[in-house]
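Written out below as structure tokens is the structure these notes cover.
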2 protein chains.
Amino acid sequence: MGEDATVSRRPNTPKSSTKPRLSTVTSEDEKLLATYDPSKFERPSVTVDVAILSVVGERLITLLHRRDSAPFRGRFALPGGFLQMDESLEAAARRVLLAKAGLRDVYLEQLYTFGAVSRDPRMRILTVAYFALVDATRITVGHDASLPERTLAEIVVPWAGETGGAVEIQIEGARTPEALAFDHADILGTAVKRLRGKLDYTPIGFQLLPEVFTLASLQRVHETILGRPLNKDSFRRKMLASGQLEATGELQQGVDHRPAELYRFTRRSAV
Amino acid sequence: MGEDATVSRRPNTPKSSTKPRLSTVTSEDEKLLATYDPSKFERPSVTVDVAILSVVGERLITLLHRRDSAPFRGRFALPGGFLQMDESLEAAARRVLLAKAGLRDVYLEQLYTFGAVSRDPRMRILTVAYFALVDATRITVGHDASLPERTLAEIVVPWAGETGGAVEIQIEGARTPEALAFDHADILGTAVKRLRGKLDYTPIGFQLLPEVFTLASLQRVHETILGRPLNKDSFRRKMLASGQLEATGELQQGVDHRPAELYRFTRRSAV
DNA sequence: TGAATAGTGTCTATAAGACAATATCCC
DNA sequence: GGGATATTGTCTTATAGACACTATTCA
């Protein structure tokens, strides 16, 4: 940030006289801080929200909480929390993942920062949104005393390709789409758009599958995310040519047809 | 943000009793706010920084300011400023562009939010970084009483492709790279990485050229950003096939060889 | 044996790279 | 005319899609 030195762009903010005292501040700096005090500025609250995405069957799903307080009481919302002063943004996102969904060691990437002035009716709150990819076998919504209530919801994407925009959320059994709290439908839409874009040139789809998987299941994951069918032959060729798949030599079990070979991602560490 | 309702995750924050009063808050909400007050949380400062990129000759350049106060006094930094409580993030970025570089109506896109705990030695400051693309003819660094001092600096990218990482900054005439303030070399590196990625599938390169341009100059822009030579034939074919170029019928003037035809971008509005 | 999906091989269409030939301007 | 770059056309190679055929499992 190129914070200005001379500044008093905000005459309506109270002129606080408390200067920050940090061990890294030298005595020369101390003098300068007298004329430049960032704490003069009003500050927004900052939260971190995580769009946890997974593919179950042929559906793109996400994990939500029902809000039990205002604003948007009763609406579903992404898991999130306030950024603490001693943690990085990513650390906050990982804390949220663990505390609210019981997930650790998942693929996590910063998505976008949402900062519309009135996105929260109470006060100015920015949210730094992340998205996480989790294979279906790791998401649980059963009762767990150490975790808050969770709900899995289907993401229905009402636009093609990478058009972008809000998505619709379909709760199991419900007939109409569920309106989400805040701008969370936009956040999920942004996550889907980003994921679709990445799928073409990165092996990110593997993050949504268990350790070993068949090429057909990988293709179904891609198709579910992209929302369109893919050519089987070229999908197969491209994946094998990418050098990122490793044949395990094992075969699929328990299917009523010829079993497919199981593959493994060669760099599971790519988080 | 899925802010928790019951909360008191931060026992060390002062329990403020000032509840926000907003016209959109209903009386039922008022009651709930008694048990849930986001202002209880300590808040970071938030700035917006803008990486202004341009291509001049065969060089990728950016616009910097020299800091005249601590921290990083004397170092160059990106233009930036504190987010005001009544403006959106993008509005803040556009305000910075106008106030610090005299630029308006330029391509602007949110890049990434940088939030390492100690990125500013004084206090916790997040910055939401944006990048702007400006054609070379619009960047001025001459003296202008309404603008702060500015410097154009060359961006030297020490990595290939989309590897990512900090870039080096070369100030005109200097022999060694210039160390930037804060994490601004990382921000610029992130901007270059993003730009390289977008160049393959979006017409974003046009934003760096004047209204009309030749195919050769467009190719030079692409090559400068990508840091590698491109095949002339296929570049030409791909651009013309994209349907985003429109021949003006005019020819280049004042060259000592056969003049090239001038083209125009068909959707300059794509900001 | 038949249903179902896996996996291989071949052909074609399309896009990318290489290269040659011609065009047009200024000096 | 000579130098320099633009523009067009053709050939070759790589990649993607289409399709036919064989393979393997279970019911």
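Here is the naming used below: chain letters follow the sequence lines, and residue numbers restart at 1 for every chain.
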Atom-pair distance (CG on A/L262; P on C/dA6), nearest Å: 12 Å
Straight-line distance of B/L60 CG to B/E223 CD, nearest 0.5 Å: 13.5 Å
Option among A/T127, A/V96, A/V48, A/L188 that satisfies the side chain to side chain contact (heavy atoms under 4.5 Å, CB included) test with A/L78: A/L188
Separation of atom CZ in A/R236 from atom P in D/dT15, rounded to whole Å: 18 Å
For A/S54, the option from A/V106, A/T62, A/I139, A/T137 that meets side chain to side chain contact (heavy atoms under 4.5 Å, CB included): A/I139
Quiz item: A/R237 side-chain donor-acceptor pair to C/dG7 base, under 3.5 Å: no
Nearest-0.5 Å distance, CG of residue B/D183 to CZ of residue B/F114: 6.0 Å
Near-strand residues of residues 249-257 of chain B, defined as heavy-atom separation under 4.0 angstrom from DNA chain C: B/L251, B/V255, B/D256, B/H257
Whole angstrom value for the distance that separates C1' of C/dA16 from CG of B/L240: 15 Å
Reported CZ-to-CG distance for the pair A/R236 and A/L245, which is rounded to 0.5 angstrom: 10.5 Å
Set of residues satisfying ring pair (Phe, Tyr, Trp, His ring centres under 6.0 Å) with respect to B/Y130, sequence neighbours excluded: none
Nearest-angstrom distance from the residue atom CG of B/D200 to C1' of C/dA16: 14 Å
Near-strand residues of residues 216-235 of chain B, defined as heavy-atom separation under 4.0 angstrom from DNA chain C: B/N231, B/D233, B/S234
Aromatic plane relationship, B/F265 with B/F206 - under 30° parallel, 30 to 60° tilted, over 60° perpendicular: parallel
Donor/acceptor link under 3.5 angstrom from A/R258 side chain onto base of C/dA4: no
Check against salt bridge (Lys or Arg N to Asp or Glu O under 4.0 Å), A/E149 and A/R66: CA-CA 8 Å; A/E149 288 294 322; A/R66 193 187 281 277; over 6 Å; no
